[in-house]
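Notes for the one structure printed next.
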Number of protein chains: 2
Amino acid sequence: MPKATFFNLPEEKRKLLFDLAVEEFADNDYESASISRIVAKAGIAKGSFYQYFADKLDLYQFLLDEGIRLKMEFLKAHPPPDSTMNLFAYLRWLFKVGLDYQIMHPKLAKVAQRALYGRSPIQPQLNARIRTESLAYLGGLVRQGIANGQLHADLDADAAAFVLHAVSKELGDYLMYRLGLDHEKDDLLEAVRRQNNEAQHIFDQIMTFLEFGMVNSKKGNAP
Amino acid sequence: MPKATFFNLPEEKRKLLFDLAVEEFADNDYESASISRIVAKAGIAKGSFYQYFADKLDLYQFLLDEGIRLKMEFLKAHPPPDSTMNLFAYLRWLFKVGLDYQIMHPKLAKVAQRALYGRSPIQPQLNARIRTESLAYLGGLVRQGIANGQLHADLDADAAAFVLHAVSKELGDYLMYRLGLDHEKDDLLEAVRRQNNEAQHIFDQIMTFLEFGMVNSKKGNAP
DNA sequence: CGGTCATATGACCGAGCGGTCACATTACAC
DNA sequence: GTGTAATGTGACCGCTCGGTCATATGACCG
């Protein structure tokens, strides 16, 4: 946790420091991210930084914690419109809100994504925890869908959870690629608003795939 | 490209250096990987390293090139058993060989994987190229499957290619997770041989999902 | 043997890093 | 004002990095 000094900072300065730190850890992995660069960009002395944070790891943990906190807030702020919706509609909502978060906080999302892929000091625990929780949650949804007959009974819940997990992990990057966007250069919010129809179409096609699979049902059928 | 000196090295020494370099770049991203650590582990002088490679980037490029070359070799050495097989069988083969490569060369595969995710000096070009090529190839397969009636006509080829791409990207890590393996600690070849049935089962379930999707076809049907 | 050329070496360089600390500056209580 | 506590500062430390280079070693040739 940052020291009290950090939270006593005027909001403007605190936010500047936070944003610059997020950017640094979005652009570099933990080892390569540089406190010296952050303080230089922020225009503060190196010593001042260490009045706010115990060390580099303290800052990094704080960024990840904030990322999780903001995402939770975001999910709560965008609840599913209908609690009785069917599973596919719920999955659409789940993925959509995840994408929206990535659009609202692309740099912060990148820090978290990097933490999951690259080696970071807390990687083994964090990565394992997040993957396990994500797979468990999606697996639960699938099992529920099987139980109430929306999904076919022979579906392997773990396999399905994995595919959903893989898709949700890659979806954001893929959409950016398809829309020709770069979160370094583009204003995502504006760009996505402009290309919303195209994005929605791609998204729908992917969700349709997950629902019906690839096989031509006129010849084969679910096992 | 390495200098001639490197290729003149006795094979044992050359292989040791190569393996240690692969390990270093598998465990660290480009910036964090250390030439000093490699030469220390190899027991050679720093100056000697620079008789073999022009600089750090030269070594890194060589590792990636070797990774691609070895994978190509591997694919050629394990061709699909039947050139007239249907698309699903072909996809199973494609993914299976990718997994086998990852088992045979886990560290080298990790270097390449890291190059695609983290920021590396050649990342923007490489990542874009490999993703584009992978998506294009899978998209072509899907279009072909649609044309010959194996896949249903309304399937969006790009969306399908994306899901296949995402799954193939995550599949290796997921299987290791499900089997409780760690390529740092375990002898993958031996472990996978021992747990082959379990691995095969998980793999089959995932492929079945891709084929038939999730929906209960007794109620809904392909669009 | 001597001569030549490829290779091996490690001290060394400048730079950047995370982190520290003695000191300067501010803010506030009285 | 004066005293005190909180905050800001940047020179500095020890370390590691990628990379260089003068020099040493050894292999091959006549």
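Atoms considered below: every heavy atom in the structure, side chains included; atoms not considered: hydrogens, waters and symmetry mates.
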Ring-face cation contact, B/F25 with B/R114, 6.0 Å cut, 45° max: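 Pair B/R114/B/F25 does not count as cation-pi.
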Stacked cation flag B/K56 on B/Y30, 6.0 angstrom / 45 deg: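 Yes - B/K56 lies over the ring of B/Y30, closer than 6.0 Å to its centre and within 45° of its axis.
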OP1, OP2 of D/dG8 versus side-chain N and O of A/Y52: anything below 4.0 Å?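 It does, given that an N or O in the side chain of A/Y52 lies less than 4.0 Å from OP1 or OP2 of D/dG8.
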Respond yes when some side-chain nitrogen or oxygen of A/N8 is under 4.0 Å from OP1 or OP2 of D/dA6, and no when none is.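 Result: no.
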Under 4.0 angstrom, heavy atoms only, what part of the nucleic acid is [X] near: base, sugar-phosphate, or nothing?
{"X": "B/A33", "value": "sugar-phosphate"}
{"X": "A/K13", "value": "sugar-phosphate"}
{"X": "A/A40", "value": "nothing"}
{"X": "B/T5", "value": "sugar-phosphate"}
{"X": "A/F53", "value": "nothing"}

Expressed as a whole number of angstroms, how long is the span from [X]:[atom1] to [N]:[atom2]?
{"X": "B/L57", "N": "D/dG19", "atom1": "CG", "atom2": "C1'", "answer": "14 Å"}
{"X": "A/Y60", "N": "C/dG18", "atom1": "OH", "atom2": "P", "answer": "14 Å"}
{"X": "B/I35", "N": "D/dT20", "atom1": "CD1", "atom2": "C1'", "answer": "15 Å"}
{"X": "A/Q51", "N": "D/dT7", "atom1": "CD", "atom2": "C1'", "answer": "6 Å"}
{"X": "B/D29", "N": "D/dC17", "atom1": "CG", "atom2": "P", "answer": "14 Å"}
{"X": "A/L17", "N": "D/dG8", "atom1": "CG", "atom2": "C1'", "answer": "13 Å"}
{"X": "A/K3", "N": "D/dA5", "atom1": "NZ", "atom2": "C1'", "answer": "16 Å"}
{"X": "A/F49", "N": "D/dT7", "atom1": "CZ", "atom2": "P", "answer": "16 Å"}

Side-chain-base donor-acceptor pair under 3.5 Å for A/K56 and C/dG19: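 Between C/dG19 and A/K56, which were checked side chain against base, a qualifying N/O pair under 3.5 Å is absent.
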Between [options], which nucleotide has the shortest distance from any of its atoms to the side chain of [X]?
{"X": "B/S34", "options": "C/dG19, C/dA8, D/dG18", "answer": "D/dG18"}
{"X": "A/S48", "options": "D/dG18, C/dG18, D/dT9", "answer": "D/dT9"}
{"X": "B/K46", "options": "D/dG18, C/dG18, D/dT7", "answer": "D/dG18"}
{"X": "A/R37", "options": "C/dT9, C/dC17, C/dG18", "answer": "C/dC17"}
{"X": "B/A45", "options": "D/dG18, C/dG10, C/dG19", "answer": "C/dG10"}

Considering every strand shown, what is the Watson-Crick or G-U wobble mate of C/dT4 when both distances are under 3.5 Å?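 Partner of C/dT4: D/dA27.
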Of A/G47 and A/S36, whose nearest nucleotide on DNA chain C comes first from the 5' end?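 On the 5' side of the pair lies A/S36.
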Please assess A/V167 against A/F95 for the test side chain to side chain contact (heavy atoms under 4.5 Å, CB included), listing each intermediate value before the final yes or no. CA-CA 9 Å; A/V167 165; A/F95 285 11; 4.1 Å; yes
Ring pair (Phe, Tyr, Trp, His ring centres under 6.0 Å) partner of B/F53, the single match among B/Y60, B/F6, B/F7: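 It is B/F6, the one option of B/Y60, B/F6, B/F7 that forms the ring pair (Phe, Tyr, Trp, His ring centres under 6.0 Å) with B/F53.
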Do the side chain of B/H78 and the main chain of B/F74 share a donor and acceptor less than 3.5 angstrom apart?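 Yes.
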Donor-acceptor side-chain pairing of B/S32 and B/D29 below 3.5 angstrom: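 Yes, because at least one side-chain N or O of B/S32 sits under 3.5 Å from a partner of the opposite role on B/D29.
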